[in-house]
There are 2 protein chains.
Amino acid sequence: MTTPNRVTIRDVARRAGVSVATVSRVLGGDYPVLAATRAKVMRAVRELDYVPNAHARNLSAARPGAIAIVVNSVAVPYYALIAQAVEEQAAQEGRLSLICTTGGDTGRELSIVQLLREQRAEAVILVGSVIVDEEYRKRMTEYAHALAAAGSRLVLCGRPPLGEGAPALVVGFDNTGGAHAVTAHLLSAGHRRILYLGLRPGHTTSDSRVAGYRSALAEYGVAADPSLEVEAEFNREAGYAAMNRRLAAGPPDFTAIFAGNDLVAAGAIQSLREHGLRVPEDMSIVGYDDVPPAQDLGLTTVHLPHDELGRAAVRLALGRMGGNPLTLGTHIVVRDSVRPLGPR
Amino acid sequence: MTTPNRVTIRDVARRAGVSVATVSRVLGGDYPVLAATRAKVMRAVRELDYVPNAHARNLSAARPGAIAIVVNSVAVPYYALIAQAVEEQAAQEGRLSLICTTGGDTGRELSIVQLLREQRAEAVILVGSVIVDEEYRKRMTEYAHALAAAGSRLVLCGRPPLGEGAPALVVGFDNTGGAHAVTAHLLSAGHRRILYLGLRPGHTTSDSRVAGYRSALAEYGVAADPSLEVEAEFNREAGYAAMNRRLAAGPPDFTAIFAGNDLVAAGAIQSLREHGLRVPEDMSIVGYDDVPPAQDLGLTTVHLPHDELGRAAVRLALGRMGGNPLTLGTHIVVRDSVRPLGPR
DNA sequence: CATTGCTCAGTAACCGGTTACTCACGTGGA
DNA sequence: TCCACGTGAGTAACCGGTTACTGAGCAATG
């Protein structure tokens with residue numbers, strides 16, 4: 001107990017009365033070994049409780065590496081669903097996958113990527129939207145080249161493609177299309193003053209949702225009103241705080257809300273409730289992502305095929321799929337948070 | 001690009017005009033090296049973009065291993081919160097941690113544990129409640145011994161301690177206490193017919209919550225009624241289905257519900273809503289865990305210190321803490337799902 | 001009976017690091 | 001001037017596997 005079990009392949013070989021090569025062959029693979037010999041080896045393995053050392057194995061022979069998925073936080077449903085889907089798919093492919101979290105910290109992200117390079121991970125799946133600036137682009141391009149040089153694939157999920165030549169695969173959701181559709185849903189219900197809650201300039205996910213929102217407005221001939229686009233990070237607290245501020249400033253000058261994602265919607269709904277406004281009677285609201293809170297809130301939202309994304313990411317990571325960059329379609333899920341307005 | 005970058009320490013040594021030992025020393029540690037030599041080496045490392053091979057490193061010198069956390073599914077908030085807490089704490093301790101998921105499949109759990117043994121993980125944190133039977137006990141005891149023999153620690157979270165001598169550390173929540181408290185909360189609000197939704201014989205978490213429920217009833221002199229204890233797995237769908245069945249059988253013969261966890265409560269609330277029963281006006285309900293759906297539902301529930309559990313698990317895993325088995329306290333979070341009943 | 005060819009097992013080199021041991025060299029004291 | 005000593009660097013063994021190469025033993029063939 002005090003001395004860790006350091007049973008090596010040589011111990012097994014000695015016990016079984018064979019050579020290390022034979023043991024390795026019995027354990028390893030397809031090399032022909034007499035049934036009797038195999039039995040002797042297996043018995044020795046069992047008796048000694050031999051566990052091959054993955055590091056040694058990996059060192060001598062390049063084996064399929066792990067698939068790593070790097071997310072912000074596993075406590076955010078959006079990431080959790082994707083991570084789960086990746087794990088499922090990887091398991092189906094018989095691969096080890098591991099989830100790493102950065103907490104949104106660039107420094108931690110860097111050290112995780114470095115660590116995955118050292119581990120010779122086969123693929124790194126980076127998930128999540130980010131502020132895309134020059135510094136980001138530079139960092140990602142570095143990752144991409146470094147990982148490619150080490151023989152690993154880099155898959156970006158829900159992030160814009162890198163520049164030409166950067167060896168990164170990309171898969172994401174159709175944010176603009178979904179945002180357009182859900183905004184149109186509000187418009188066709190008669191809403192004309194729709195608050196977009198979740199502005200984040202430079203943040204690609206938000207930017208493309210705003211784009212869909214604006215294009216839908218334009219399509220219905222509604223002039224965009226900048227005062228109806230308010231900033232909020234994509235979490236519950238930000239939605240709550242932003243809505244509180246807006247309602248504190250006076251009675252709402254809008255009849256519906258398009259929240260940047262479901263968490264923002266959840267926060268906004270709490271704020272509305274605390275201000276005595278009911279959903280959907282007094283205020284319509286839609287979200288985005290279709291993550292767990294949406295169902296409990298009866299929130300009309302845009303469903304994202306998280307499973308599909310996870311599957312695609314793994315298959316891209318394993319080089320089983322072309323078609324890059326890949327955009328996955330979305331669809332509206334109508335629940336109970338939108339109330340039709342009579343035409344004025 | 002086609003040939004993976006196989007820059008080794010010898011390449012670096014050659015380029016820097018020094019020996020491999022010197023390179024290793026510059027990179028590795030505290031051995032004295034002339035500043036000029038160090039500079040030469042660092043430059044060569046940079047120029048060649050050398051990345052040390054973690055496997056080789058691990059093979060020659062035993063280094064601190066990874067901390068692995070094994071959960072059912074990261075898409076279940078309870079697990080996600082704990083996993084997140086473990087990751088945070090591990091990061092603070094400067095350790096690599098990785099999350100693995102089993103999907104509740106015993107076979108997959110086994111192969112993950114095996115794989116972690118092969119990887120020489122430093123510690124394995126197994127989270128989540130399970131059906132504890134003879135087979136389970138045997139399996140866990142095997143894991144415990146195997147991991148211990150390999151020099152790894154095994155930490156069980158939210159599971160009962162193994163038998164004497166099995167080298168496993170244990171930390172969990174006070175389920176009986178929390179269940180007692182939250183049931184007492186309902187009782188003191190005047191409720192006498194309280195449905196327990198989430199019976200799962202043999203399932204330790206549920207069993208201890210039932211125990212708390214019953215002891216609170218006894219304390220208030222209310223006779224336990226077996227027809228008020230109904231089975232349901234600990235997820236949303238089960239809660240929904242069980243409640244549907246119950247309501248289909250006739251009008252409710254209870255005034256309050258104690259759901260086995262918040263997900264069950266969420267499902268039950270949906271069912272109630274669909275049957276035209278409002279919370280809390282027509283039906284009081286409490287949950288357990290205080291995971292995200294609870295806040296959105298305004299659910300009175302029992303808060304579990306997930307963060308604390310994660311921290312404790314890591315510290316136990318690193319041998320930084322005694323006091324085993326460790327039970328963490330809980331407290332009620334009162335929201336808006338319980339309505340006082342006048343004394344009859 | 002000699003030769004060829006096939007099956008199965010062993011020997012030893014190698015994967016890419018770390019580190020015990022050895023040694024060259026410059027300095028200060030006798 | 002000679003020797004002891006401290007400093008910084010090199011050589012080579014080793015970690016625990018895999019596998020190319022070699023070879024023993026035996027059946028089939030000529």
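Each chain gets a letter, A, B and so on, in the order its sequence line appears, and its residues count up from 1. The analysis underlying the following values was restricted to heavy atoms, covering all of them including side chains, and did not include hydrogens, waters or symmetry mates.
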Have a look at the helix from C:dC1-D:dG30 to C:dA30-D:dT1 and give the angle its two end axes make, five pairs each, rounded to 10 degrees.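 Computed from the C1' atoms at both ends, the axes differ by 60°.
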Please test B:Glu122 against B:Arg153 for salt bridge (Lys or Arg N to Asp or Glu O under 4.0 Å), starting from the C-alpha separation and ending with a verdict. CA-CA 7 Å; B:Glu122 180 160 349; B:Arg153 278 206 175 75; 5.7 Å; no
Candidate list A:Leu116, A:Ile67, A:Ile112, test side chain to side chain contact (heavy atoms under 4.5 Å, CB included), partner A:Val124, passing option: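 Only one of A:Leu116, A:Ile67, A:Ile112 forms a side chain to side chain contact (heavy atoms under 4.5 Å, CB included) with A:Val124, namely A:Leu116.
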Sole residue of B:Arg25, B:Arg10, B:Arg14 in side chain to side chain contact (heavy atoms under 4.5 Å, CB included) with B:Val20: B:Arg10
Protein-to-nucleotide contact annotation, 5' to 3' order, nucleotides 17-28 of chain D [B base; S sugar-phosphate only; - none; under 4.0 Å, heavy atom]: BSBBB-------
Mind listing the closest non-hydrogen atom pair of A:Pro167 and A:Ala144 along with its distance? CG-O, 3.6 Å
Base, sugar-phosphate alone, or nothing: which one does B:Leu34 contact when heavy atoms must sit under 4.0 Å apart?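 If one applies the 4.0 Å heavy-atom cut-off, B:Leu34 turns out to touch the sugar-phosphate alone, with no base involved.
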In whole angstrom, what separates [X]'s [atom1] from [N]'s [atom2]?
X: A:Leu48; N: D:dG16; atom1: CG; atom2: P; value: 14 Å
X: B:Arg38; N: D:dT7; atom1: CZ; atom2: P; value: 16 Å
X: A:Asn58; N: C:dC15; atom1: CG; atom2: C1'; value: 11 Å
X: A:Arg117; N: C:dG16; atom1: CZ; atom2: C1'; value: 16 Å

Contacts of type ring-ring contact (aromatic ring centres under 6.0 Å, His included), residue A:Tyr143, not counting sequence neighbours: none
Which pairs with one or both residues in residues 80-119 of chain B pass ring pair (Phe, Tyr, Trp, His ring centres under 6.0 Å), sequence neighbours excluded? none
Pair up each side-chain donor or acceptor in residues 97-105 of chain A with any protein partner under 3.5 Å, not counting sequence neighbours, and list the distances.
unit_1, atom_1, unit_2, atom_2, d
A:Ser97, OG, A:Glu87, OE2, 2.9
A:Thr101, OG1, B:Glu87, OE1, 2.5
A:Thr102, OG1, A:Gly104, N, 3.0
A:Asp105, OD1, A:Gly107, N, 2.8

By the side chain to side chain donor-acceptor pair (under 3.5 Å) test, which pairs, at least two apart or in different chains, include something from residues 76-85 of chain A? A:Gln84-A:Glu88, A:Gln84-B:Ser73
Distance test, side-chain N/O of B:Thr37 to OP1/OP2 of D:dG8, below 4.0 Å: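 For B:Thr37, the contact criterion (side-chain N or O under 4.0 Å from OP1 or OP2 of D:dG8) is not met.
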